[in-house]
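Here is how names work: the chains are called A, B, and so on, in the same order as the sequence lines, proteins then strands, and each is numbered from 1.
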Amino acid sequence: MQTKLGGLALNIYDTLKERGYIAQVTHEEEIRKLLAEEKISFYIGFDPTADSLHVGHFLGMMVMAHMQRAGHRPICLIGGGTATVGDPSGRTDMRQMLTDEMIEHNCNCFKKQMQRFIDFTDDKALMVNNGEWLHKLNYINLLRDVGPHFSVNRMLTAECYKQRMEKGLTFLEFNYMIMQAYDFMELNHRYNCKMEMGGDDQWSNIIAGVELLRRKDETPAFGLTFTLLTTSEGKKMGKTAKGALWLDPKKTSPYDFYQYWRNVSDADVKKCLALLTFLPMEEVNRLGSLKDKEINDAKKVLAFEVTKMVHGEEEAIKAKEAAEALFSGSGVLDNVPTIKLSSNTIGSKIIDILVQEKIFASKGEGKRLIQQNGLSINDEKLNDIDKILSCEDFIDNSCMIKKGKKKYYRLILQ
RNA sequence: GGGUAGGUGCCCGAGUGGUUAAAGGGAACAGACUGUAAAUCUGUCACCGCGAGGUUACGAUGGUUCGAAUCCAUCCCUGCCCA
């Protein structure tokens, strides 16, 4: 897709750049030219370390989606082979090693989620597992083939290893870069893949592959990294109290997902809109420049758009309605996070019920929260720790619990 | 393999026989203020108990002691130096 702007056709490279995706590139002008003149295959690697993708992956998928729309072919490389090794980039501890069964299970989960964003029909995008070739590698052959093209001295100066020099780096992890470079070479041979993309933390690994292809095969190869999704404070985005912000609705509900984006800081709204939605840049700029209260509108758009992409329009509308009902006090409460209680819980202490329903991690935490005025029932602050849940707390069979400032739960009797 | 420094709560990090559930910082959570923002201020921050108090915890396992994160032994792991 050539985005029109002021009548001029924008190169996809410029689009990516304009939206703020690009962090580093190996050969800027050549890449720009290549992407304009040729439909290429490119790849992004995904490590199947969990059974769901999270927002970090989502950014990569946005890049792939943009590229695919522009006619290029994404290859999702699942690191089934590399996952058994562990990537040292930016890590302080070694990644746990996974069994083959776990990896396969995770791969299947990934593909299901990716299909929402990437069109895999007619080989318009590929998904391959590097276990296919890495498992078969022969040590001697590998050494002879690629060994001469890597300088250990150089590898050690790579940023990703520098940090590891202090904490310790095992040979196993050290090889990650070589395997990743090998992947690029393999994909180049198999699918004429010309470019590797990845998060900016992958820069070292990516240039390793680019250089390997250029040295060994004298094939032009390119690398590009995209901005890491960080907050204006430099922290990784997509972290919640419960851990990562997952794309799997079973792990992170669409409502919680929506709320996450509804609550990003002012400073991050524009960046998120540009990176995580397909809204035209004029709109992104307009929304991003709203000030004070107004920027809440931009956050609503962001939350809705991202939720829509990940969970579908229906779920996005439900999440939006639930949020409006809770925070603006209008509309139906049907889609608010709901907890069903059996009627024999009437007569138990509220605190015990909430601990049982995992709303409080422990009784101590619940008690503290109540003592600090952090719990409301039907909009009334609860200050009695021993309060017993009674029928009178239910209005139309529903009892609203508010934990802290903005976490709501609706109790329903069954 | 030899020498040496270490392994403390979500993270960093103090602590070297009792007054230590363990200083300090960060993160997180709650309250006030707000715009479902940020910043700021206040409070909380192992688990159970209303409380007194109890239970578990300082790499692992044993031991010394009235009493151990702190001492001893063995083991595991990591950094650095030497081979």
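Closest contact between the side chain of K367(A) and the listed nucleotides rU36(B), rG51(B), rG31(B) involves rG51(B).
If you take atom C1' in rA14(B) and the same atom in rG24(B), they sit 7 Å apart, rounded to whole Å. The same atom, C1', is picked in rU42(B) and in rA46(B); the two are 23 Å apart, to the nearest Å. Across the P atoms, rG2(B) and rC75(B) are found 11 Å apart, a figure rounded to whole Å. Nucleotides rG53(B) and rA22(B) are separated by 14 Å at their P atoms, to the nearest Å. Between the P atoms of rG54(B) and rU44(B), the separation comes to 23 Å (whole Å). Remark: the separation of the C1' atoms in rA57(B) and rU20(B) is 12 Å, to the nearest Å. Here, rG9(B) and rC47(B) have their P atoms 15 Å apart, quoted to the whole Å. For rG17(B) and rA27(B), the P atoms lie 33 Å apart once the distance is rounded to whole Å.
Map N296(A) and E365(A) each onto its nearest nucleotide of RNA chain B; the residue landing nearer the 5' end is N296(A). Taking the nucleotide of RNA chain B with the nearest heavy atom to each of Q259(A) and G168(A), the more 5' of the two is matched to Q259(A).
Between the side chain of Q372(A) and the base of rG31(B), no donor-acceptor pair of N or O atoms lies under 3.5 Å.
When the P atom of rG31(B) is taken as reference, atom NZ of K403(A) falls 11 Å away, rounded to whole Å. Rounded to whole Å, atom P of rC29(B) lies 11 Å from atom CG of L369(A). Atom-to-atom, CG of D266(A) to P of rA37(B) comes out at 9 Å; the value is rounded to the nearest Å. At whole-Å resolution of the value, CD1 in I370(A) and C1' in rC29(B) are 14 Å apart. With rounding to whole Å, K271(A) atom NZ is found 16 Å from rA38(B) atom P. With rounding to whole Å, L302(A) atom CG is found 16 Å from rU36(B) atom P. Spacing between atom CZ of F360(A) and atom P of rU44(B) amounts to 18 Å, rounded to whole angstrom units. Per the geometry, NZ belonging to K363(A) stands 16 Å off C1' belonging to rU55(B), to the nearest Å.
Neither OP1 nor OP2 of rC48(B) sits under 4.0 Å from any side-chain N or O of R368(A). Dashed line: the shortest gap from a side-chain N or O of K406(A) to OP1 or OP2 of rU36(B) is not under 4.0 Å. For S362(A), no side-chain nitrogen or oxygen approaches OP1 or OP2 of rA46(B) to under 4.0 Å. Between rA38(B) and S265(A), no contact under 4.0 Å exists linking OP1 or OP2 to a side-chain N or O. Residue K407(A) has a polar side-chain atom (N or O) positioned under 4.0 Å from OP1 or OP2 of rA30(B).
Applying the Watson-Crick and G-U wobble criteria (two distances, each under 3.5 Å), rU55(B) pairs with rA46(B). With a cut-off of 3.5 Å on both Watson-Crick or G-U wobble distances, the partner of rC10(B) is given as rG26(B). Shown here, rC80(B) forms a base pair with rG3(B); the pair counts as Watson-Crick or G-U wobble because both key distances fall under 3.5 Å. The pairing partner recorded for rC41(B) is rG31(B), the criterion being a Watson-Crick or G-U wobble arrangement whose two distances lie under 3.5 angstrom. The partner of rC71(B) is rG63(B), by the rule that a Watson-Crick or G-U pair needs both atom distances under 3.5 Å.
Although no hydrogens or angles enter the test, the distance criterion places no donor-acceptor pair under 3.5 Å between the side chain of T307(A) and the main chain of A316(A). Checking side-chain atoms of S328(A) against main-chain N and O of A325(A) turns up no donor-acceptor pair under 3.5 Å.
Across all strands shown, I385(A) has no heavy atoms under 4.0 Å from either base or sugar-phosphate atoms. Among the atoms of the strands shown, base atoms are found under 4.0 Å from some heavy atom of A323(A). Looking at heavy-atom distances under 4.0 Å, D292(A) makes contact with a base.
Geometrically, K111(A) engages F120(A) in a cation-pi contact, judged by NZ or CZ lying under 6.0 Å from the ring centre and within 45° of the ring axis. Annotation: cation-pi pair R69(A)/F278(A) present, NZ/CZ under 6.0 Å from the ring centroid and within 45° of its normal. Cation-pi geometry between R214(A) and F222(A) is met: under 6.0 angstrom from the ring centre, within 45 degrees of the axis.
Between D352(A) and K363(A) there is a salt bridge, since at least one side-chain N of the basic residue sits less than 4.0 Å from a carboxylate O of the acidic one. The existence of a salt bridge linking E294(A) and K299(A) is excluded, since no basic side-chain nitrogen approaches an acidic carboxylate oxygen closer than 4.0 Å.
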